[in-house]
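Protein chains get the first letters and strands the later ones, always in sequence-line order, with residue 1 at the start of each.
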There are 2 protein chains.
Amino acid sequence: MQEAGTKKYSQQRQAAVRAAAAVFAEKGFHGAGTKDIAERMGIKQGSLYYYFKSKEEALGEVCLYGIQEYVEHMATIADGEQPFEAKLVATVTSHLSSYRERNEALKVYNDERLYLPKARRSRLKELGSDYRQRLEGIFEEGKANGAVRQSVDCHFAAQAVIGMCNAWGDLIVRDPDLDLFMVIQKCTDLLINGFTKKP
Amino acid sequence: MQEAGTKKYSQQRQAAVRAAAAVFAEKGFHGAGTKDIAERMGIKQGSLYYYFKSKEEALGEVCLYGIQEYVEHMATIADGEQPFEAKLVATVTSHLSSYRERNEALKVYNDERLYLPKARRSRLKELGSDYRQRLEGIFEEGKANGAVRQSVDCHFAAQAVIGMCNAWGDLIVRDPDLDLFMVIQKCTDLLINGFTKKP
DNA sequence: TTCTATTTCTATAGTTCTATAGAATTCTTT
DNA sequence: AAAGAATTCTATAGAACTATAGAAATAGAA
């Protein structure tokens with residue numbers, strides 16, 4: 001069995017997670033077979049179970065991989081010293097870029113995580129809440145220092161930003177030719193005009 | 001076999017489509033079994049094939065059911081005489097309300113239609129394009145008569161509205177206690193502030 | 001009622017999929 | 001090179017699922 005410390009093992013396991021991410025993103029959790037994942041790695045179906053105890057575990061790993069770093073990045077943004085608008089731009093940029101960089105894992109987190117059993121979902125839930133709360137905090141801070149209109153509901157606003165980014169993220173994953181920076185720029189434009197005061 | 005004209009048949013078939021919609025929305029196309037759908041109708045698994053030639057056909061019907069009326073409604077809005085803002089409000093209202101009224105079918109259209117074979121998807125694609133184009137037209141009209149800022153990209157704007165509505169629609173389907181009209185009001189607020197000129 | 005058409009049921013063939021066991025191979029270290 | 005550990009393979013049990021065929025039940029019309 002695996003010695004979790006092995007360098008080769010963890011590299012290959014990372015590859016397994018990425019392969020699973022790609023396949024789950026394309027076919028969905030239930031639509032994807034363990035055979036599809038294995039094939040993408042160039043190994044046989046049964047061999048996949050050297051890396052995962054079950055298909056569900058694979059999904060769990062993909063979701064975690066998909067959201068983890070990106071939540072950490074949000075913490076950095078939220079705790080920073082920048083003004084509201086810069087934080088919003090940074091958030092949208094980070095969120096949308098991660099759809100490209102980390103490939104399909106974030107999409108899988110969004111679309112398939114509900115198929116995980118509750119126990120496996122709790123850690124993901126924490127991370128998701130963490131993200132949303134920090135984003136909410138950015139809006140609250142913005143309201144406090146006058147950048148954001150008083151009528152804005154911060155909880156709604158955070159949800160709206162996340163929802164919009166995910167919707168565009170879907171298109172970004174599906175269409176590799178879509179201009180990422182164009183999308184980032186237009187999204188932030190919309191949000192800034194939508195939430196901040198006019199000079 | 002079925003005589004398509006029978007009143008009872010079409011009623012029961014409608015029930016079958018709705019049952020399929022509910023199950024597909026909850027478990028996804030591949031995660032759902034024909035048994036689940038049949039059970040929800042109170043019939044046995046095999047009997048379902050009296051109404052559908054295949055599971056795929058069921059999905060096709062659900063998607064069609066999910067988007068059809070709602071596209072027709074959009075045509076009415078787009079061709080109307082109202083000013084830009086009223087059209088935008090009507091669009092968002094129609095879109096989000098249909099997540100409640102027509103239950104889960106629209107969610108299924110959004111999330112599962114890609115699992116249909118191309119042939120079956122073409123009609124849906126038409127309807128979807130139709131919707132987006134008309135929405136784009138509303139923005140163009142708005143630009144022409146000065147309501148919408150000149151810097152707005154109408155194609156982007158239409159996609160953003162759709163994406164935002166779908167994201168909230170997901171939450172609306174998942175959480176029946178979520179206040180629909182609150183969401184509608186806040187979404188339109190954001191969009192109007194984001195896209196129109198300030199007085 | 002009796003005949004006919006509609007709807008549902010039972011049973012099953014045939015397929016596909018997950019997970020496991022144990023053998024075979026490859027890599028690492030001594 | 002030989003031993004031991006890590007990785008992959010083959011083969012398969014066992015479960016689940018789709019779709020079909022034909023029998024049974026139900027409802028409607030004559």
Side-chain angles (χ1 to χ4, degrees), chain A residues 1-63 108 112 115-117 119-120, chain B residues 1-63 108 112 115-117 119-120:
Chain A
M1 290 298 155
Q2 80 271 31
E3 288 301 315
T6 316
K7 173 165 282 180
K8 172 131 190 243
Y9 174 76
S10 64
Q11 272 180 357
Q12 275 296 86
R13 185 167 150 116
Q14 180 101 337
V17 173
R18 268 184 280 113
V23 175
F24 287 151
E26 192 193 331
K27 305 193 170 188
F29 175 63
H30 292 108
T34 50
K35 192 179 173 197
D36 301 319
I37 301 171
E39 245 162 32
R40 176 173 270 255
M41 295 178 65
I43 62 178
K44 294 286 158 83
Q45 185 264 334
S47 309
L48 195 66
Y49 285 77
Y50 178 68
Y51 296 105
F52 302 114
K53 204 166 59 44
S54 68
K55 193 181 161 189
E56 241 168 33
E57 182 180 291
L59 177 58
E61 292 299 298
V62 170
C63 289
V108 175
E112 314 290 333
Y115 298 133
L116 287 169
R120 231 186 259 281
Chain B
M1 292 296 152
Q2 80 272 32
E3 288 301 315
T6 316
K7 172 165 281 178
K8 171 126 189 249
Y9 174 78
S10 64
Q11 271 180 357
Q12 274 297 87
R13 183 166 152 118
Q14 178 100 339
V17 172
R18 268 184 280 115
V23 174
F24 287 152
E26 192 193 331
K27 305 194 170 187
F29 176 63
H30 291 108
T34 51
K35 193 179 171 195
D36 301 319
I37 301 171
E39 244 162 31
R40 177 173 269 257
M41 295 177 67
I43 62 178
K44 292 289 158 83
Q45 184 265 335
S47 309
L48 196 65
Y49 286 76
Y50 178 68
Y51 295 105
F52 302 113
K53 204 167 59 47
S54 69
K55 192 181 162 189
E56 241 167 34
E57 182 180 290
L59 177 58
E61 292 298 299
V62 170
C63 290
V108 174
E112 314 290 333
Y115 298 133
L116 287 170
R120 230 187 259 281

On the side chain of B/Gln45, is there an atom forming a donor-acceptor pair with the base of D/dA19 - under 3.5 Å, no angle test? yes

Looking at D/dT8, I'd like to know if its phosphate oxygens (OP1 or OP2) sit under 4.0 Å from a side-chain N or O belonging to A/Gln12. yes

What residues form a side-chain contact (heavy atoms from CB on, under 4.5 Å) with A/Glu39, not counting sequence neighbours? A/Lys35

With a 4.0 Å cutoff (strictly under), does any side-chain N or O of A/Tyr51 reach OP1 or OP2 of D/dT8? yes

With a 4.0 Å cutoff (strictly under), does any side-chain N or O of A/Tyr49 reach OP1 or OP2 of C/dA19? yes

Using whole Å, report how far CG of B/Leu48 lies from P of D/dA21. 17 Å

Round to a whole Å and report the spacing from CZ of A/Arg13 to P of D/dT8. 13 Å

Between atom CZ of B/Phe24 and atom NE2 of B/His30, what is the distance when rounded to the nearest 0.5 Å? 9.5 Å

Can you see if the side chain of B/Tyr50 gets near the phosphate of C/dT8 - specifically, an N or O under 4.0 Å from OP1 or OP2? no

In residues 22-44 of chain B, which residues come under 4.0 Å of DNA chain D by heavy atom? B/Ala32, B/Gly33, B/Thr34

Residues forming a side chain to side chain donor-acceptor pair (under 3.5 Å) with A/Glu61, sequence neighbours excluded: A/Arg13

The criterion is side chain to side chain donor-acceptor pair (under 3.5 Å); which residues satisfy it with B/Gln45, sequence neighbours excluded? B/Thr34

Euclidean distance, atom CZ of residue A/Phe52 to atom C1' of D/dT7 [Å, nearest integer]: 15 Å

Once side-chain contact (heavy atoms from CB on, under 4.5 Å) is applied, do any residues pair with A/Arg40, and if so which ones, sequence neighbours excluded? A/Ala19, A/Ala22, A/Val23

With sequence neighbours excluded, give me every salt bridge (charged side-chain N to carboxylate O under 4.0 Å, His left out) pair touching residues 42-51 of chain B. none

